[in-house]
Structures are given as structure tokens and as C-alpha cells.
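Written out below as C-alpha cells is the structure these notes cover.
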Amino acid sequence: MTLTVHFFAAAKDLAQADWATLHLETGANVHALRQALSAAVPALAALLPRCLIAVNQEFAADDVNLTSSDEIAVIPPVSGGSL
Amino acid sequence: MTLTVHFFAAAKDLAQADWATLHLETGANVHALRQALSAAVPALAALLPRCLIAVNQEFAADDVNLTSSDEIAVIPPVSGGSL
Amino acid sequence: MTRLTRDVIDYQALTESVLQCHCGGVVLFLGTVRDLTGDHVTAYLTYDAYAPMAEKKLAEIEAEIRQKWAIGDIAIVHRLGWLEVREVSVAIAISTPHRKEAFAACQYAIERLKQIVPIWKKDYDAHGNEIWVSGSSQ
Amino acid sequence: MTRLTRDVIDYQALTESVLQCHCGGVVLFLGTVRDLTGDHVTAYLTYDAYAPMAEKKLAEIEAEIRQKWAIGDIAIVHRLGWLEVREVSVAIAISTPHRKEAFAACQYAIERLKQIVPIWKKDYDAHGNEIWVSGSSQ
């Protein structure tokens, strides 16, 4: 299946893109997504372990299975709210 | 010595006055003031044990000695600040 | 800055007065006149004070807070006179470099105010019955 | 009420919107842009968000707070875009019948916001050097 992964903040700057397209086996989980993303966008490899993955605007653990209609985003450590 | 004692809030309403004049022995303390005040203004007797006495705008314990130039006030339980 | 006033409290001006470049946050507490206390219905309130002592005690609270916390600035204003339900009776604004101190210092300020500042509230119900509120509720 | 905005936050309107007759107090927290963090001098900031998820998470925080405390009302606004030093980046106003709940709920709201809401701050110094601020400071 083909997935679009959205980037924000530091992830966007490192990837130099707002999003990337990945090809994964049908039913692949978040763990597989992380591996594929590191391979496809090496500039993200160092940051990715510190990021959460959001699936349909909800933080998702590594064992969550994905479908091609999911909205997927890389969430670097957040820093809203001032100090 | 002659002392003027100022009343506020419930004490003012009960005494039906803003202040009263008391005659005490020179060097009398706050304890003596409380006793003289209860006798002079019986309407205050019930409230007075729940009041603090301020001397020169500072809360004063019963053993504080008074002089005729002191600014003295009866301070009922305070209730500023909304809830 | 601490003071008593008979005017409506401009809490935005108060808040702006404590904002500082070195601070990351402000906590503002507003006490407002509540209509219900248990079964009792408040129609309006009046606040009275032993004004010179109240001003002195408010200044003491500011000094205590500046000693206990590294704050930027603090402003406390308490209103006197007649207040309707929903009006602001007291406003306390504190700016600090870090937010935790602002919450702690602001909560301390209102607790101390209710303990040591000679200000009294008289409650009037809809029938004109009046009662001096005695002591701090919670 | 929770939302994101690119405009200056009108925190007085926000505060007025939560005032209620049944409430005895309001706590307002303002996060403001600080110039100094250790030795680092901030000239200005930009805030970016994953907007639909950020709005969803802000609404979740409101729901959590309404479940944990008996509040009157709550309003949270976070600003996005370019902010100068001393400007307000976030405002949280909560009214409650009793003041202790207002402090506790407001502090909870800002802590949760910094944990779970996908908003990011980019810091620019006077030389134009930029850095994404990573994670919550204190």
C-alpha cells in the first residue's frame, strides 16, 4: 500500500519536504513505517527515535497496524506554550 | 491614659459607633484593653473574643503594652478576597 | 504594586503592568462575586476596610512574595464599596521567569490576603437582609 | 472553548468569556516570550502546529479538565506565527466556584498542553540563527 507521511517542525526542515510517500506491505505497522521512513529519508534517521508517530491525529504505538487511508504524521518533541 | 479604639465591620455595627474612648492605667496591655472594652461596650462582648486587636496597624498579642499615642483598632474576622 | 480602589478593576492594565521581557509567564487571579453559597443567594456585596492597615498588609504580602520567589513583578488590587454579582473584587497578577513559581506565588498571595488583610465583606440578599461574612470560606 | 489563532490574543475578552455568576474566581495563565534562557538571547519566535491534531488535543484537555474538576468554564487559545519578546503565546482562563480548583485546573492545562499538543517553537537570535526548541523547558 502507498502511504503519505506528513512532516512538521524539525522533521520538515531535515527532510526539506512537507511530506513523503512510502510503499509498505498491506497491514504494515508503525514499527515498519519507522524503518521504511529512515531508509527513504536518511536525514530523518537521527531524529526519528525522538519523534512520535500520529495516525489519524492520535499518537500511535509501534504495534498499530496501518491502512492506506490513514493520516500519518511525524511529531518531533513538542514545545508549545512558552516556558 | 485615654485611648481611642476604632471599630470596623461587625464591631462597628454592634457598637453603633466608629470608635470609643477608654480610660486605662498607664502602660496597660492589650488584655486589659479587651476587658475594659467589654465593660464599656457590652454589645461587643460576644464578638470580641473572635477579634484581633491591632496596635499601630499591627496585630498585637494580649501582653503588648499600650501608650496613649497608639492607634488601636478592633479587627473582626476578615473576609476580603471573594471566595 | 498594591492598592485599594473604589473603581472597577482594570485587570488588563494590571496584567500589562507586570509583563516583562525576562519572564515566561503571568498568572492572574480574579476573585469575583458569586451568587450562590450553599442555599444562600447573594444579591450584592459591599467591601469595607481598615484602609491604612490593609494597604500596609498588602505591601507586606508583596514583600513576602519577593523574598520567597524570584518573581518579575507583582500587582495586587482590592476593590471596596458596592459590588454586583460577577464583578471583580480582587485581582492579583504575578510574572515570573518560570511558570511554576507564578502559580505558587499567586495562590500564596490570595491565601495570605484572606488571612491578614483587614477587609470585610457584607452580603445582601434579595430582600435586603445583610450579614457580615465572617472569616474566609475555604 | 479551545482554538489556535494567528492574531494577538485578546486575553481580557477570553477572561470575560469564562466569568460566571456561580463562580467565585478565575485563574488566567499567560505564556509570554522570554528574552533570556540561560545565556541564550531570543530575538523572536515562530510557532508552528499540526493544526487539526493540535485543535483536537486542546479539546481533549478541556474535556479532561471538565471531568477532573467542577469548573464553570474554560478557554484556551494558542497563538501561531511570529511573536516578539513579551508577546502572549498562550492564554488559559478557567473559572470555578472555589479558587483552589481554578489554580489546580489551570496549572494542569498548561502542563498537558506542553506534553500532548503538536505545536513547535522556533527560536531566532539577533544574528538570525534559528533553532527548533525541542521539548518542554521546566
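Fair warning: this is a prediction, and the values are worked out from it, not measured in the lab. Letters A, B, ... mirror the listed sequences (proteins, then strands); counts begin at 1. Reckoned from all heavy atoms, side chains included, excluding hydrogens, waters and symmetry mates.
- Heavy atoms closer than 4.5 Å to chain D are found in the side chain of A:D13, but not in its backbone.
- Atoms OG and NZ, on A:S79 and D:K114 in that order, are 7.5 Å from each other to the nearest 0.5 Å.
- D:W120 contributes no side-chain N or O that, together with a main-chain N or O of A:A10, makes up a donor-acceptor pair within less than 3.5 Å.
- No part of D:E87 comes within reach of chain A, as not one of its non-hydrogen atoms sits under 4.5 angstrom from that chain.
- When side chains are defined from C-beta on, A:H6 does not count as touching D:M53, because their heavy atoms never get closer than 4.5 Å.
- Annotation for A:H31: atom NE2 does not count as buried by contact number, only 12 or fewer foreign heavy atoms lying within 6.0 Å.
- Neither the backbone nor the side chain of D:L45 has a heavy atom closer than 4.5 Å to any heavy atom of chain A.
- For D:A91, no part sits under 4.5 Å from any heavy atom of chain A, backbone or side chain.
- Tested against A:Q57 for a side chain to side chain contact (heavy atoms under 4.5 Å, CB included), the candidates D:E55, D:K57, D:K56 yield a single pass: D:K56.
- For the ring pair (Phe, Tyr, Trp, His ring centres under 6.0 Å) with A:F8, the qualifying choice from D:W132, D:Y50, D:Y47 is D:Y50, the only one to do so.
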